[in-house]
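Here is the structure we will look at, set down as structure tokens.
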Amino acid sequence: MSDSKVTLTDHETGKTYELPVYKATYGSPLIDITSLNKETGFFTYDPGFMSTASCRSDITYLDGAKGELMYRGYPIEQLAEKCSFMEVFYLLLNSELPNAEQLNEIEREVADHTILYESLLHLFEGFHYDAHPMAILTGVVGSLSAFYNDPLDITNPEHRLETAYRIIAKLPTIAAVTYKHSVGERFTYANSKMSYCGRFLHMMFSRSGEDYEIDPVAEKALDVLFVLHADHEQNASTSTMRLAGSSDTNPYAAIAAGIASLWGPTHGGANEAVLKMLRNIGDVKNIDKYIAKAKDKNDPFRLMGFGHRVYKNFDPRAKIIKNICYQVMEKYGNDPRMELAMKLEEIALKDEYFIKRGLYPNVDFYSGIIYSALGFPEEMFTVLFTIGRAAGWMAHWIEMISEPHKRIGRPRQYYTGLARRDVPR
Ligand code: SDX
């Protein structure tokens with residue numbers, strides 16, 4: 001049922017077409033073009049989806065002009081301050097925050113799914129020790145259905161929930177095994193009584209034969225970062241996961257598609273690219289040179305961690321992450337890269353080029369400073385982004401699969417290739 005209509009006029013034929021318009025809870029009204037081609041013969045053309053809503057969703061809303069982000073109606077600032085990642089995972093899946101009993105149940109469900117089959121652990125032996133962790137993560141998650149191949153009925157809500165618990169539970173384990181493989185150390189499971197982040201830190205950094213104490217500052221910082229990364233509407237990796245999942249494929253395969261997309265340096269891979277960029281800049285005196293490179297159309301260099309398709313004044317997550325940087329540095333000592341990053345931000349935000357284009361620090365600009373302080377190598381940063389975002393991916397996958405009129409995603413194109421011709425024989 002539409003709220004209003006718009007009229008399309010074809011000036012060549014003088015024909016007019018009425019199209020339904022929907023009013024969203026927030027954000028731009030939407031013109032429904034579902035029947036456009038059938039009724040008018042036209043396609044729309046929108047590379048990069050600058051003006052296209054690919055689906056309807058109740059999960060997350062972001063307002064690029066106001067710098068607002070909400071999960072199920074709750075502002076990200078309040079969720080980051082008051083809720084744990086497990087509470088936010090429950091919220092994304094169920095639309096409401098959990099009570100004490102519901103939180104206890106989801107934490108137990110996730111704890112129960114933390115371990116990996118021994119046969120899966122052997123898979124890691126085939127990877128080179130210096131393989132990029134995102135290459136391993138893409139491969140291992142894509143292979144999960146070869147190990148967890150119990151009957152999966154994606155139309156069954158319980159099976160869908162169990163898949164969500166498994167993914168969220170096993171990603172930190174897969175991440176920790178990947179890291180231990182890269183440093184040639186034996187992997188050990190953590191005590192399932194620990195918190196989600198405590199367990200992950202223990203699996204990552206405890207070493208056989210040595211005591212390991214979970215640092216509450218690290219545990220809390222990581223938990224807030226997972227909350228901040230948990231979902232972000234129809235970003236590239238979520239849209240990739242939705243398109244892959246729209247064919248009713250195995251959910252682990254759909255999530256692996258999302259991981260593959262998130263790895264890209266213009267998306268989730270930017271957090272690793274920021275640290276490399278800061279290393280290349282090296283000193284405050286070189287900032288002007290790199291700002292000039294970023295503005296030079298003939299130079300492929302971009303200021304990593306800057307800019308966003310939707311946020312055109314600030315990314316609310318970047319503000320929160322910047323504050324966590326101060327807390328973490330208070331505990332672990334100052335990181336000279338923080339000062340360089342802040343100077344870079346200060347200079348860029350006074351520059352007309354960045355102001356005119358609404359280019360501000362995004363979620364990836366400061367997060368690497370924190371991950372580094374917690375002991376994670378740069379190659380693991382996007383793996384950490386993946387763990388947080390998997391909560392949103394599972395909520396979107398469940399929302400899409402549960403839709404009564406779900407359709408396989410199959411965009412059309414603007415063909416500019418050769419006209420029909422015959423093979424010259
Ligand atoms: C994430 O979508 C999401 O929600 C993503 C994310 C999430 O939570 O899922 O928020 C996570 O991916 C954050 C973004 C991380 N990526 C980076 O930090 C990489 C650097 N940023 C850019 O590559 C870019 O800003 C994008 C990819 C983030 C956005 O690209 P758009 O929306 O396609 O913008 P654009 O490339 O069309 O840029 C518009 C203008 C262009 O200049 P003009 O042609 O108008 O002259 O701004 C310029 C661009 O050249 N520009 C930059 C720039 N980003 C855009 N110039 C220098 N440095 C940059 N970083």
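Since the structure is predicted, the reported quantities are computational estimates derived from the model, not experimental observations. Counting convention: from 1, in listed order, for ligands and their atoms alike.
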request  = With sequence neighbours excluded, tell me which residues meet ring-ring contact (aromatic ring centres under 6.0 Å, His included) with F49.
outcome  = none
message = Among residues at least two apart in sequence or on other chains, which ones pass ring-ring contact (aromatic ring centres under 6.0 Å, His included) with Y212?
response = H202
When you measure from [atom] to the protein, is at least one non-hydrogen atom found at a distance under 4.0 Å?
| atom | value |
| --- | --- |
| atom 46 (O) of ligand 1 | yes |
| atom 5 (C) of ligand 1 | yes |
| atom 30 (O) of ligand 1 | no |
| atom 38 (O) of ligand 1 | no |
| atom 33 (O) of ligand 1 | yes |

For [atom], what's the nearest protein heavy atom and its distance?
| atom | answer |
| --- | --- |
| atom 9 (O) of ligand 1 | R389 NH1, 2.8 Å |
| atom 21 (N) of ligand 1 | F306 O, 2.8 Å |
| atom 2 (O) of ligand 1 | N235 CB, 3.5 Å |
| atom 48 (C) of ligand 1 | Y353 OH, 3.5 Å |
| atom 54 (N) of ligand 1 | L359 CD2, 3.7 Å |
| atom 17 (C) of ligand 1 | A270 CB, 3.5 Å |
| atom 13 (C) of ligand 1 | D364 OD2, 3.5 Å |
| atom 16 (N) of ligand 1 | T266 O, 2.8 Å |

Looking at [Y] and [X], is there a salt bridge between them, counting it only when a charged N and a carboxylate O are closer than 4.0 Å?
| X | Y | result |
| --- | --- | --- |
| E105 | R108 | no |
| K350 | E346 | yes |
| E378 | R279 | yes |

message = Can you name the atoms of ligand 1, numbered from 1 with element, that are less than 4.0 Å from a heavy atom of M304?
response = 18 (O), 19 (C)
message = Out of all atoms in ligand 1, which are within 4.0 Å of some heavy atom of G305? Include the element for each.
response = 17 (C), 18 (O)
query = Any side-chain donor paired with an acceptor under 3.5 Å for N362 and Y311?
reply = no
message = Evaluate R317 for polar contact with ligand 1, using N/O atom pairs at a separation under 3.5 Å.
response = yes
ask   = So, is F354 polar-close to ligand 1, with some N/O to N/O distance under 3.5 Å?
value = no
ask   = Which class fits the ring pair H232 and H308: parallel under 30°, tilted 30 to 60°, perpendicular over 60°?
value = perpendicular
task = May I ask you to decide if the ring planes of F42 and Y17 are parallel, tilted or perpendicular, using 30° and 60° as cut-offs?
result = perpendicular
request  = Please say whether the positively charged group of R72, taken as NZ for Lys or CZ for Arg, lies over the ring of Y74, i.e. under 6.0 angstrom from the six-membered ring centre and within 45 degrees of the axis.
outcome  = no
task = Please step through side chain to side chain contact (heavy atoms under 4.5 Å, CB included) for the pair Y366 and M342, ending with a clear verdict.
result = CA-CA 9 Å; Y366 287 107; M342 285 168 56; 3.6 Å; yes
note = With heavy atoms and a 4.0 Å threshold, my read on which part of L303 contacts ligand 1 is both
key: Student check: side-chain heavy atoms of L303 and M277 closer than 4.5 Å   = yes
remark   = The option among K297, H232, K312, M277 carrying the non-hydrogen atom nearest to atom 42 (O) of ligand 1 is K297
request  = Out of H267, H308, R309, indicate the one that has the non-hydrogen atom closest to atom 3 (C) of ligand 1.
outcome  = H308
query = Is there a heavy atom in G48 that sits closer than 4.0 Å to ligand 1?
reply = no
message = Centroid separation under 6.0 Å, is that true for the rings of F365 and F306?
response = yes
request  = Verify the ring-centre separation between F301 and Y290: is it less than 6.0 angstrom?
outcome  = yes
